[in-house]
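Counting starts at 1 for both ligands and their atoms, following the listed order.
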Amino acid sequence: MTPTEVAEGIYSVGSTDWNVRDFHGYSTYQGTTYNAYLIMDERITLIDTVKKEYADDLLGNIGQIVDPKKIDLVISNHTEMDHSGGLARVMHKIGEDKPLYCSKAGAKSLGRHFSQKWNYRPVEDGEELKIGKRTLTFIETRMLHWPDSMFTYCKQEKILFSSDAFGQHYAGPERFDDQVGEAIMPHAKKYFANILLLYSPLILKLAQRLTEMGLEIDTICPDHGVIWRKDPMKIVNAYVDWAQQKPKRKVLVVYDTMWHSTEMMAEAIVDSLLQEGVDAIPMHLRKWHRSDIITEVLDAGGILIGSPTLNNGLFPTVGDFLTYLKGLRPQHKVGAAFGSYGWSGEAVKLIEKEMEAMRFNIVGPALKIPYVPDREGIESCKELAKKIAAALPAE
Ligand code: FEO
């Protein structure tokens, strides 16, 4: 990525990772970017770095604007290694004694990651730092999405450097939202669903706080994907909407199958839901990536999960999905479990137990069918679908 001027004297100097396709379990079909920002002022400031492997790329980009040795201070908004991995290389290059501003939790976690005695300057929430004609304000955003996370706000240009928040895993030639248009929103939605869903209550509080602070925002510079300059409040408002997790009359029928019997059940349930006027989507777990299913979970009112019983337990992909789903703590879901079995049939009960732990409104009884569903079995699938449709909220 070549440096891009975001505002006069403020540059995006990060890197594009065109080829990453698996970001710790999240499918990044279109790669991602690791954004870092350089502010040319009396004290030259670098905000965040990049993944370790891209540190030379970052330094090369900075070098097109200024000798990296002239950087006066670094701000680390977030410790996760896709943003701090390049820090060791950067600090070595610019001088290990240069001040490194971060949250208090950031100082602890960077210390543990790097075991380096850098010149940490832990900041308070709301603390200001004058770097010349500009003043930067640090805004603590604890658990969005790590304990160390914070934003940095530049009041002169009204730019919010938002760390992971408002990002997208998207690598393209474009650098700004208006260059991509509406097509960027599905990427932003998938990112929210897979990374921030479990922090929905905190996101609603943060949005409220930004409003109360009267923060004027002309531009949002996230650490992944494109910069929001056309209508930055569009993504803020989308976050508020997604965080509310308003359930629609939409049901996901997520399943795996060994010899098509659980699949026959899933298909009968989907057909019946469609007849009831519900947007039903069958999602075979070896055809859909877990992170794409989670995007659909955001506004689904119901989730049915089906598994055959394998070795007295869940089918492996179903276990994987339940683990991932549970960690993201979806809210306001109606749920039901189903599956075919040969002789023991524990899987359905195991799914229901996980749904209880996630506080789903469970529609029962769970549906277990031995071997291949017969006509009566298919009818019971249709009955379950009708009960699910009745339990969904009206729109
Ligand atoms: Fe993009 Fe939490 O790292």
Side-chain angles (χ1 to χ4, degrees), residues 1 12-37 46-55 57-58 61 74-90 100-114 138-152 160-172 175 177 184 187-200 202-203 206 220-228 235 239 242-243 291 294-295 324 327-329:
M1 191 196 294
S12 175
V13 289
S15 300
T16 303
D17 188 346
W18 296 99
N19 294 323
V20 63
R21 291 293 178 269
D22 184 321
F23 197 98
H24 53 53
Y26 174 142
S27 62
T28 45
Y29 303 124
Q30 284 189 247
T32 193
T33 68
Y34 312 114
N35 300 341
Y37 299 95
L46 177 66
I47 301 181
D48 288 325
T49 69
V50 292
K51 214 172 177 179
K52 186 178 176 185
E53 296 81 354
Y54 292 84
D57 196 29
L58 169 69
N61 290 340
V74 177
I75 295 169
S76 171
N77 276 336
H78 179 29
T79 303
E80 196 165 6
M81 303 310 279
D82 48 334
H83 309 298
S84 72
L87 202 51
R89 182 98 177 78
V90 165
L100 174 54
Y101 290 83
C102 55
S103 66
K104 286 180 188 166
K108 276 188 197 161
S109 51
L110 287 169
R112 285 186 185 142
H113 267 294
F114 291 100
F138 303 111
I139 302 168
E140 193 175 272
T141 58
R142 190 172 168 76
M143 294 321 296
L144 287 174
H145 68 130
W146 276 24
D148 54 86
S149 300
M150 68 176 193
F151 291 171
T152 299
L160 184 68
F161 299 94
S162 64
S163 183
D164 273 331
F166 312 122
Q168 332 91 49
H169 283 312
Y170 174 77
R175 294 302 308 128
D177 55 343
I184 200 61
H187 297 285
K189 187 176 181 182
K190 178 173 178 177
Y191 184 98
F192 178 94
N194 282 274
I195 295 172
L196 296 164
L197 183 65
L198 72 163
Y199 303 115
S200 291
L202 292 179
I203 284 165
L206 176 68
I220 295 178
C221 290
D223 274 358
H224 296 287
V226 298
I227 293 161
W228 305 91
I235 188 64
Y239 266 45
W242 294 332
S291 54
I294 294 296
T295 312
Y324 194 62
L328 290 166
R329 294 183 214 158

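- Of the possible polar contacts, none joining the Gln168 side chain to the Tyr191 backbone as a donor-acceptor pair under 3.5 Å is found.
- Here the N, O or S atom of Asp82 that is nearest to atom 1 (Fe) of ligand 1 is OD2.
- Using bins of under 30°, 30° to 60° and over 60° for the plane-to-plane angle, the ring pair Tyr34/His83 lands in the perpendicular bin.
- In His78, the N, O or S atom that comes nearest to atom 2 (Fe) of ligand 1 is NE2.
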Query raised in the report: How far apart are the C-alpha atoms of Asp164 and His224, what are their side-chain angles, what is the distance that settles it, and do they pass the side chain to side chain contact (heavy atoms under 4.5 Å, CB included) test?
Result: CA-CA 7 Å; Asp164 273 331; His224 296 287; 3.2 Å; yes

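- Take atom 2 (Fe) of ligand 1 as the corner point: the lines to OD2 of Asp164 and to OE1 of Glu80 open at 170°, to the nearest 10 degrees.
- The atom name of the N/O/S atom in His145 closest to atom 2 (Fe) of ligand 1 is NE2.
- Taking the six-membered ring where the residue is Trp, His169 and Phe23 present tilted rings, their angle falling between 30° and 60°.
- If you put the vertex on atom 1 (Fe) of ligand 1, NE2 of His224 and NE2 of His83 sit 90° apart, to the nearest 10°.
- The neighbour count for Arg21 CZ, taken as heavy atoms of other residues, nucleotides or ligands under 6.0 Å away, is above 12.
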